[in-house]
A.B. asks: 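Mind having a look at this structure? Questions to follow.
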Amino acid sequence: MAQQAGLYTFDVNWITPIVALVGTFLGAVITWWTERRRWRREQDAKRIELRRVVYGDYLAALHTASEGLRDVSETADPEPAKARAAFRAGNIYAAREQVGLLAPAKVVEVAKLAFRQLRELRDLAAADAPRKTRHYDAVLVEYGVTLERLRECMREDLGIRPAARKLEAST
């Protein structure tokens, strides 16, 4: 500042570089923030896609095992070894571990319940006829309900709308 005739005047030569420096800094921060948001969106999309694949694999493993167990349960003389082989056919243990690693607690809880019920079906499919007829159908119904609940939890986690319920024909 220089004093002329009792007045103060400002030297503005230093304002231009400071404004340029602040502008450069703000531009760099905004660019970093934008890139960070884009990277985070991409990571979230990859995580959702990975969970979608894992969920599909687990549901497919459950289906493969349940179909094999159904075949075993319909035989006149079931063998425990065939029931165990049918249960393992879909690589259900590995698929369950993947769900346990990647899914939120709510999905893991229902996935474990479905696994336990299917394992109970395995044991009943290989059991003698009186035990099978008393319990198999009841556990099968429970398993179906749990499986639908598992699908709904998975859809919710993936951000997919709930499946439309089929309307029963009233005719």
Side-chain angles (χ1 to χ4, degrees), residues 29-129 131-169:
V29 168
I30 290 170
T31 301
W32 171 83
W33 182 70
T34 304
E35 289 299 317
R36 175 82 174 150
R37 286 186 59 199
R38 182 182 314 138
W39 176 81
R40 195 170 281 262
R41 275 193 312 268
E42 289 171 359
Q43 293 301 310
D44 288 345
K46 286 178 183 178
R47 277 194 281 286
I48 287 172
E49 178 61 20
L50 179 60
R51 283 197 315 267
R52 187 190 65 75
V53 169
V54 166
Y55 292 170
D57 290 348
Y58 188 61
L59 291 172
L62 289 172
H63 179 73
T64 300
S66 68
E67 286 298 308
L69 291 174
R70 185 176 60 95
D71 291 343
V72 170
S73 73
E74 292 174 352
T75 61
D77 189 26
E79 297 176 27
K82 285 184 180 179
R84 284 191 301 275
F87 187 75
R88 288 190 301 262
N91 204 14
I92 197 168
Y93 289 101
R96 183 185 67 160
E97 290 300 322
Q98 288 182 339
V99 169
L101 285 173
L102 298 171
K106 182 179 179 182
V107 175
V108 172
E109 177 185 325
V110 180
K112 284 181 179 180
L113 179 60
F115 177 84
R116 285 192 299 270
Q117 288 173 339
L118 193 60
R119 191 174 53 203
E120 187 176 354
L121 284 172
R122 176 201 66 193
D123 296 342
L124 290 170
D128 58 349
R131 180 171 176 231
K132 185 187 315 179
T133 50
R134 265 198 325 258
H135 301 291
Y136 189 85
D137 290 337
V139 174
L140 184 61
V141 169
E142 288 176 22
Y143 172 70
V145 170
T146 301
L147 194 58
E148 185 56 35
R149 189 170 142 219
L150 177 59
R151 286 187 195 108
E152 290 300 319
C153 287
M154 288 175 172
R155 284 185 192 107
E156 182 182 318
D157 179 46
L158 296 174
I160 299 171
R161 291 184 192 192
R165 303 280 184 219
K166 293 181 181 179
L167 298 175
E168 293 182 25

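Excluded from the calculations below are hydrogen atoms, water molecules and symmetry mates; all remaining heavy atoms, backbone and side chain alike, are included.
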A.B. asks: Between the main-chain N or O of Ala111 and the side-chain N or O of Tyr58, is there a donor-acceptor pair closer than 3.5 Å?
C.D. replies: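 A pair under 3.5 Å: yes.
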
A.B. asks: Return the CD to NZ distance between Glu156 and Lys106, rounded to the nearest 0.5 Å.
C.D. replies: 4.0 Å

A.B. asks: For Val99 and Tyr55, which heavy atoms make the closest approach, and how far apart are they?
C.D. replies: CG2-CD2, 4.5 Å

A.B. asks: Mind checking whether Leu113 and Arg149 have side chains closer than 4.5 Å, heavy atoms only?
C.D. replies: yes

A.B. asks: Taking the side chain as C-beta and beyond, is there a heavy-atom pair between Leu59 and Leu150 under 4.5 Å?
C.D. replies: yes

A.B. asks: Nearest heavy-atom pair of Ala83 and Ala126: which atoms, and what distance?
C.D. replies: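 Of all heavy-atom pairs spanning Ala83 and Ala126, the closest is CB-CB, 3.7 Å.
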
A.B. asks: Between Leu69 and Ala125, what is the shortest heavy-atom contact and its length?
C.D. replies: O-CB, 4.0 Å

A.B. asks: Please determine whether a side-chain nitrogen of the Lys or Arg among Glu152 and Arg155 lies less than 4.0 Å from a carboxylate oxygen of the Asp or Glu.
C.D. replies: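 A salt bridge links Glu152 with Arg155.
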
A.B. asks: Between Arg47 and Asp44 (salt bridge meaning N to carboxylate O under 4.0 Å), is one present in this structure?
C.D. replies: yes

A.B. asks: Nearest 0.5 Å, what's the CG-CZ distance between Leu62 and Phe87?
C.D. replies: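 Between atom CG of Leu62 and atom CZ of Phe87 there are 8.0 Å.
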
A.B. asks: Under a 4.0 Å threshold between the charged nitrogen and the carboxylate oxygen, would Arg38 count as salt-bridged to Glu35?
C.D. replies: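 So Glu35 pairs with Arg38 through a salt bridge.
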
A.B. asks: In terms of side-chain geometry, is the basic nitrogen of Lys46 or Glu49 positioned less than 4.0 Å from the acidic oxygen of its partner?
C.D. replies: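 Salt bridge: no.
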
A.B. asks: Could you check whether Glu74 pairs with Arg70 (Lys NZ or Arg NE/NH1/NH2 to Asp/Glu carboxylate O, under 4.0 Å)?
C.D. replies: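 Result for this pair is yes, salt bridge flagged.
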
A.B. asks: Calculate, to the nearest 0.5 Å, the distance between atoms CZ and CZ belonging to Arg116 and Arg96 respectively.
C.D. replies: 9.0 Å

A.B. asks: Minimum heavy-atom separation for Gly68 and Ala86, please, with both atom names.
C.D. replies: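 What the structure gives for the nearest pair is C-CB, 3.6 Å.
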
A.B. asks: Search all heavy atoms of Thr146 against all heavy atoms of Gln117 and return the closest pair with its distance.
C.D. replies: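 Shortest heavy-atom separation between Thr146 and Gln117 comes out as OG1-OE1, 2.7 Å.
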
A.B. asks: Using 0.5 Å steps for rounding, measure from the CE atom of Met154 to the CZ atom of Arg51.
C.D. replies: 11.0 Å

A.B. asks: How long is the gap from CD1 on Ile48 to CG on Leu102, to the nearest 0.5 Å?
C.D. replies: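 If we round to the nearest 0.5 Å, Ile48:CD1 and Leu102:CG are 12.5 Å apart.
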
A.B. asks: Identify the heavy atoms of Lys82 and Val72 that sit nearest to each other, and give their distance.
C.D. replies: O-CG2, 3.8 Å

A.B. asks: Run through Leu147, Leu140, Ile92, Leu118 and flag the one making a side chain to side chain contact (heavy atoms under 4.5 Å, CB included) with Ser66.
C.D. replies: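 That would be Leu118; it is the only one of Leu147, Leu140, Ile92, Leu118 passing the side chain to side chain contact (heavy atoms under 4.5 Å, CB included) with Ser66.
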
A.B. asks: How many angstroms lie between CH2 in Trp33 and CZ in Arg37, if you round to the nearest 0.5 Å?
C.D. replies: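 One finds 4.0 Å between CH2 of Trp33 and CZ of Arg37.
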
